[in-house]
Amino acid sequence: MNIRFLRSPIGGAGGGFERLNAYRIMWVLVFFDLPTDTKKDRKNYALFRKKIQADGFQMFQFSIYLRHCSSRENADVHIKRVKSILPPKGHVGIMCVTDKQFGMMEIFRGHELVQNPDTVQQLELF
């Protein structure tokens with residue numbers, strides 16, 4: 001899957017539009033810890049992972065997937081989809097944060113600070 005991130009206009013010297021986007025744009029994070037002891041458990045794990053990827057979630061870490069959503073309403077749709085495909089065993093957490101909160105996250109690779117994924121720029125016609 002090829003997911004492309006584009007830079008958000010957040011942080012510019014502009015007016016309220018940029019500031020509004022930082023609080024309107026949402027990120028949905030799915031955390032999961034699923035058992036892989038039996039063949040059936042591994043199949044459920046793979047199926048769950050495959051389905052959330054098909055819904056547009058991108059791997060952030062091995063058991064953390066995230067997805068950009070243009071609004072709270074859009075985030076609710078994807079949260080509902082994740083809830084509909086929950087595996088029978090294991091722990092799954094779903095968290096929704098604003099783009100502003102996501103932008104404040106610090107990510108390290110070893111001791112080196114790396115850039116956060118950029119927000120997807122999406123045009124809405126209506």
Side-chain angles (χ1 to χ4, degrees):
M1 180 186 330
N2 185 14
I3 296 178
R4 194 175 83 177
F5 290 103
L6 300 174
R7 179 145 300 281
S8 170
I10 298 168
F17 177 73
E18 294 172 358
R19 187 171 175 86
L20 178 63
N21 276 345
Y23 296 101
R24 188 164 183 263
I25 296 171
M26 305 298 289
W27 289 85
V28 177
L29 291 90
V30 176
F31 309 88
F32 56 90
D33 185 15
L34 304 178
T36 56
D37 298 330
T38 66
K39 188 174 181 179
K40 179 76 174 169
D41 289 342
R42 287 190 293 275
K43 184 175 180 178
N44 287 335
Y45 171 88
L47 191 62
F48 178 71
R49 189 173 163 270
K50 190 174 183 178
K51 285 181 178 178
I52 63 173
Q53 285 179 319
D55 192 32
F57 283 86
Q58 179 183 0
M59 187 170 77
F60 184 68
Q61 292 184 354
F62 286 119
S63 297
I64 302 173
Y65 282 71
L66 56 85
R67 188 187 197 291
H68 167 267
C69 296
S70 59
S71 66
R72 177 66 188 185
E73 293 78 19
N74 185 244
D76 290 342
V77 168
H78 293 286
I79 290 170
K80 188 175 178 180
R81 283 186 191 157
V82 171
K83 288 179 180 176
S84 72
I85 59 170
L86 289 174
K89 296 179 186 174
H91 298 252
V92 177
I94 303 170
M95 186 168 81
C96 199
V97 297
T98 64
D99 189 44
K100 185 72 173 178
Q101 292 168 323
F102 188 79
M104 291 188 289
M105 180 170 47
E106 293 182 298
I107 302 172
F108 294 90
R109 183 166 292 135
H111 292 281
E112 182 179 332
L113 182 65
V114 296
Q115 289 289 329
N116 292 1
D118 293 329
T119 302
V120 176
Q121 182 79 33
Q122 183 173 356
L123 297 175
E124 292 186 29
L125 300 176
F126 301 100

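We number each residue from 1, following the sequence as shown. These numbers come from the heavy atoms of this one structure, side chains and all, not from hydrogens, waters or symmetry mates. Bear in mind that the values here come from a model prediction, so they are computed numbers and not experimental data.
Partner of Y65 under the ring pair (Phe, Tyr, Trp, His ring centres under 6.0 Å) criterion, chosen from F48, F57, F32: F32. The only member of Q101, M26, R67 that meets side chain to side chain contact (heavy atoms under 4.5 Å, CB included) when paired with C96 is M26.
Atom CD1 of I52 sits about 11.5 Å away from atom CD of Q58, to the nearest 0.5 Å. Distance CZ/R24 to CD/E73: 6.5 Å, rounded to 0.5 Å.
Residues I25 and H68 approach most closely at CG2-NE2, 3.1 Å, considering heavy atoms.
Residues L29 and V114 share a single hydrophobic cluster, defined by chaining ILVMFWY side chains whose heavy atoms lie under 4.5 Å apart.
Among residue pairs with one or both ends in residues 82-94, none qualify as side chain to side chain donor-acceptor pair (under 3.5 Å); sequence neighbours excluded.
Using a 4.5 Å heavy-atom threshold, the side chains of D41 and L34 count as separate. Within the 4.5 Å cutoff, no side-chain heavy atoms of L47 are placed close to those of P87.
Taking the six-membered ring for Trp and thresholds of 30 and 60 degrees, W27 and F102 have nearly parallel ring planes, at less than 30 degrees apart.
Under the 3.5 Å distance criterion, with hydrogens and angles disregarded, no donor-acceptor pair is assigned to the side chains of N74 and S71.
Heavy-atom neighbours of F62 CZ from other residues, nucleotides or ligands within 6.0 Å: at or below the threshold of 12.
Classification of K51 and D55 as a salt-bridged pair fails, no side-chain N sitting under 4.0 Å from a carboxylate O.
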